[in-house]
Amino acid sequence: MKNITDSFVSAGHWPSAGSFEFNTDILATNPINLSVVLGVLIFFGKGVLNDLLDKRKQRILSTIRNSEELRRGAIEQLERARVRLRKVEIEADEYRTNGYSEIEREKVNLINATCNSLERLENYKNETLFFEKQRAINQVRQQVLQQALQRALGTLNSCLNSELHFRTISVNIGILGSVEEITD
């Protein structure tokens, strides 16, 4: 472990000021850093994500159950409307000579009103489900990201010690000293 730390801190790997060099140290390049951060996020965020998704699933299922109850109520209304329609049709046969066209209009209005009610209820159910799903996804994303970043920061802070800080500061002071000598 000490050799790895030395390779990060030693002045031999730092380019001098004013020059351009390619960084061939694979441990100091961004793809490795990114893969470590992503690995930490995935490792620590997986359990939290599962718990949050289970809770959201239960909420969505209860919303679906409520919507299904609303749907059943609408179907009952439709059945009552159909019974009423049958009564209207019987009356229409009896009053055909007196006002056939008026009864037909009432029938069409009743069917249209019932269909519109069903359509509105179905649209409301779909909009509610979509909204709840989007809200759940956004909430889960925010919580997972926040917890993963807190854990990653805690892990990074626990890995740093005073000796490493002191060595890093000493190397940087040495680099600044050599830059100052070059400019003089």
Side-chain angles (χ1 to χ4, degrees), residues 1 4-5 7-9 13 22-89 105-165 167-169 172:
M1 182 69 180
I4 293 173
T5 307
S7 68
F8 284 116
V9 179
H13 290 287
F22 285 106
N23 186 358
T24 58
D25 184 6
I26 193 71
L27 295 176
T29 58
N30 276 339
I32 298 235
N33 293 339
L34 290 175
S35 65
V36 167
V37 169
L38 287 176
V40 167
L41 285 176
I42 289 170
F43 179 76
F44 288 115
K46 190 183 298 181
V48 173
L49 179 63
N50 286 336
D51 290 344
L52 291 174
L53 288 177
D54 286 341
K55 288 177 185 176
R56 288 310 297 162
K57 180 181 177 183
Q58 292 303 319
R59 287 185 191 152
I60 289 171
L61 287 175
S62 70
T63 303
I64 289 172
R65 280 188 223 108
N66 291 341
S67 297
E68 288 297 325
E69 289 176 12
L70 288 173
R71 183 178 157 271
R72 277 188 231 116
I75 289 173
E76 289 174 7
Q77 283 182 342
L78 179 62
E79 288 300 319
R80 284 184 287 204
R82 286 181 179 161
V83 168
R84 186 172 166 207
L85 176 63
R86 288 184 202 112
K87 288 180 185 177
V88 168
E89 286 176 342
R105 274 183 268 149
E106 184 179 332
K107 176 179 139 181
V108 168
N109 288 341
L110 183 61
I111 290 171
N112 288 340
T114 304
C115 288
N116 288 341
S117 293
L118 284 174
E119 241 177 61
R120 280 188 307 230
L121 286 172
E122 187 68 25
N123 288 341
Y124 175 73
K125 179 185 86 170
N126 291 337
E127 288 173 4
T128 301
L129 289 174
F130 178 76
F131 175 76
E132 287 296 323
K133 180 180 175 183
Q134 291 299 324
R135 190 173 74 169
I137 289 171
N138 288 337
Q139 187 178 24
V140 166
R141 283 180 184 163
Q142 289 174 352
Q143 289 176 354
V144 166
L145 180 62
Q146 183 181 16
Q147 289 178 0
L149 288 176
Q150 287 174 352
R151 286 181 181 174
L153 184 60
T155 303
L156 288 176
N157 284 337
S158 69
C159 290
L160 298 177
N161 58 25
S162 60
E163 179 185 343
L164 183 59
H165 282 291
R167 291 175 70 195
T168 304
I169 291 170
N172 287 333

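Just so it is clear, the values below take in all heavy atoms, side chains as well, and ignore hydrogens, waters and symmetry mates.
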Subject >> salt bridge (Lys or Arg N to Asp or Glu O under 4.0 Å) pairs, two or more places apart, involving residues 129-148 >> reply: Arg56-Glu132, Glu132-Arg135
Subject >> Interatomic spacing from OG1 in Thr114 to CG in Asn109 - rounded to 0.5 Å >> reply: 10.5 Å
Original post:
For Glu68, what residues pass the salt bridge (charged side-chain N to carboxylate O under 4.0 Å, His left out) criterion, not counting sequence neighbours?
Top reply: Arg71
Subject >> Qualifying residue for side-chain contact (heavy atoms from CB on, under 4.5 Å) with Val108, from Leu110, Asn112, Ile111 >> reply: Asn112
Subject >> Side-chain heavy-atom pair Leu70, Lys125 within 4.5 angstrom cut-off >> reply: no
Original post:
What distance do Asn138 atom CG and Gln143 atom CD have between them, rounded to the nearest 0.5 Å?
Top reply: 11.0 Å
Original post:
Given the rule in the side-chain contact (heavy atoms from CB on, under 4.5 Å) test, do Lys87 and Arg84 qualify, once you have shown the distances and angles that lead to the verdict?
Top reply: CA-CA 5 Å; Lys87 288 180 185 177; Arg84 186 172 166 207; 5.5 Å; no
Original post:
Between OG of Ser67 and CZ of Arg72, what distance do you get to the nearest 0.5 Å?
Top reply: 10.5 Å
**OP:** For Leu149 and Leu145, run side-chain contact (heavy atoms from CB on, under 4.5 Å): C-alpha distance rounded to whole Å, both residues' side-chain angles, the deciding distance at 0.1 Å, then the answer.
**Re:** CA-CA 6 Å; Leu149 288 176; Leu145 180 62; 4.0 Å; yes
**OP:** To the nearest 0.5 angstrom, please state how far the CD1 atom of Ile75 sits from the CG atom of Leu78.
**Re:** 7.5 Å
Original post:
Step by step, would you call Ser62 with Arg59 a side chain to side chain donor-acceptor pair (under 3.5 Å)?
Top reply: CA-CA 5 Å; Ser62 70; Arg59 287 185 191 152; over 6 Å; no
**OP:** Apply salt bridge (charged side-chain N to carboxylate O under 4.0 Å, His left out) to Arg80 and list each qualifying residue two or more places apart in sequence or on a separate chain.
**Re:** none
**OP:** Any chance you could measure Leu52, atom CG, to Gln142, atom CD, to the nearest 0.5 Å?
**Re:** 11.5 Å
Original post:
CG/Asn126 to CG/Leu121 distance, rounded to the nearest 0.5 angstrom?
Top reply: 11.0 Å
